[in-house]
Protein chains: 2
Amino acid sequence: MAKLNSTACTLLGFLHDRPMTGWDLAETVQLTIGNFWNMSRSQVYRELKTLEAGGYVVGGDRGARDKRHYTITEDGRVAFKDWISKEPGQEIARFPMLITVWFGDHLDQDDLGFSLGIHYQRHKKKLEFMQNVMDETDDQSTPAARALRFGYFYEKAVVDWFETLPWFGGEESSGDEPGEKRPSQPRKPSDFKA
Amino acid sequence: MAKLNSTACTLLGFLHDRPMTGWDLAETVQLTIGNFWNMSRSQVYRELKTLEAGGYVVGGDRGARDKRHYTITEDGRVAFKDWISKEPGQEIARFPMLITVWFGDHLDQDDLGFSLGIHYQRHKKKLEFMQNVMDETDDQSTPAARALRFGYFYEKAVVDWFETLPWFGGEESSGDEPGEKRPSQPRKPSDFKA
DNA sequence: CTGGGCATGTAACTCGTTACATGATTAG
DNA sequence: CTAATCATGTAACGAGTTACATGCCCAG
């Protein structure tokens, strides 16, 4: 019985609902917890193999394109319960944009503002999306609703933070304004795909 | 000239200030950008080797406990500038506590509340800390101040989110209250080390 | 002058990412 | 009916983590 990592255990969690293929799982994870839980497609396939080897899931017959549906076993349910009952660890994050900000003195200020603008727009879109998700959720007291609500708070914080930056209307009391007087606008709209 | 990854390039950024040992770098990174940029000590040592092999830094003489100070070279400065000028990627994150929330139906609600309480306290402490950092920063328009300010907004969002949860006073309109009527309190204070 | 903790680094392993292969399905 | 795209999976590599080794330094 190999020791399972958090990626594998998360998959077990989703397999409680219904048997799924690796593809299904990757999609589902992305669309639900993807905001606060990174997982790549290849990881899913690898962990499914580990899970099968340990008897935590059973793979069905291979269908078209070799696809297989995996079903959780009783051992799988037990292993999941053990794992989810443990104290969760601290979060880990890598936010490249903040590195760009941190080392901002090395950059041309207009370029920096442009670059940040792209991310600002992206996060505004995401905030709007999260807002909609929240608004459309009737029951705010389900586990899923609670976790998704975090996404809203997070995106709100990011957007609010952007708006403290001088390129987007913040830091008004400061003497040193960035290169352009006007807040930078997108140079071409195609840059702004969410 | 090996291709450098973002971990290595970040180190180059810090080596602009002064020559440092691996230990120094790990500490510095942790204390400054650690909130939004995870990096383990071992990574630092490995990337320093890569950097030296590529001529981006030069290691000084070995001192006590084999320690070496690494100095950035001109090639290193160029490589850093190239890297920092590129469009930053999207953030990645793993927030185990939100997984716990997401799968909350699998848990006893009191246990869940207790577990979340630990993190709530931790983040309240961190928020307080970030607030102090901000308050003590005279010039809010430096790159470092801007990036650190993000930490404040982030922790604020986390704490606000916690307070939407029924264990900490939120979701009042909902019918289904968790097991205990009173918000859960720490069972033992030693659980609450930040 | 010694023993415990801290500073420093290395090695081995696991996890995460990138690149690829290929068979279905669908649009024109 | 053919090209394009999508669904599905694998393999190889690079990044991140854990465990360890060891010498220095300071409290007693």
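All chains are named by letter (A, B, ...) in the order of the sequence lines, taking the proteins before the strands, and each is independently numbered beginning at 1. These values consider heavy atoms only, across backbone and side chains, with no hydrogens, waters or symmetry-generated copies.
Listed by first and then second residue, the salt bridge (Lys or Arg N to Asp or Glu O under 4.0 Å) pairs involving residues 153-165 of chain B are K156(B)-D160(B) (not counting sequence neighbours).
A cation-pi arrangement, defined by a distance under 6.0 Å to the six-membered ring centre and an angle within 45 degrees of its axis, is absent between K125(B) and F129(B).
Looking at the side chain of K67(A), the nearest of the listed nucleotides dT17(C), dG9(C), dG9(D) is dG9(D). Of the candidates dA12(D), dT10(C), dA12(C), the closest approach to any side-chain atom of Y45(B) belongs to dT10(C). Side-chain proximity of R68(A) to dT10(D), dC15(C), dG9(D): nearest is dG9(D).
Distance, E47(B) CD to dT17(D) P: 12 Å, rounded to whole Å. If you take CE of M20(B) and P of dA7(C), they are 16 Å apart, rounded to a whole angstrom. Taking atom CG of N5(A) as the reference point, atom C1' of dT18(D) lies 14 Å away to the nearest angstrom.
For the OP1/OP2 pair of dG9(C) and a distance below 4.0 Å, the side-chain nitrogens and oxygens of R46(B) include no atom meeting the criterion. Using a 4.0 Å cut-off, no side-chain N or O of T21(B) falls inside it from OP1 or OP2 of dA7(C). Close to dA15(D), at under 4.0 Å from its OP1 or OP2, lies no side-chain N or O of R94(A).
A heavy-atom distance below 4.0 Å to DNA chain C is reached by these residues of residues 26-43 of chain B, ordered by number: R41(B), S42(B).
Every residue meeting the side chain to side chain contact (heavy atoms under 4.5 Å, CB included) condition with T73(A), not counting sequence neighbours, appears here in chain and number order: V58(A), D75(A). Partners of E87(B) according to the salt bridge (charged side-chain N to carboxylate O under 4.0 Å, His left out) rule, which considers only residues two or more places apart in sequence or in another chain, do not exist here. Contacts of D24(B) classified as side chain to side chain contact (heavy atoms under 4.5 Å, CB included), with partners at least two apart in sequence or in another chain: R18(B), M20(B), T21(B), H69(B). A search for salt bridge (charged side-chain N to carboxylate O under 4.0 Å, His left out) contacts involving R149(A) returns E171(B), not counting sequence neighbours.
Of the residues near DNA chain C, K49(B) and I92(B), the one whose nearest nucleotide (by heavy atom distance) lies more toward the 5' end is K49(B).
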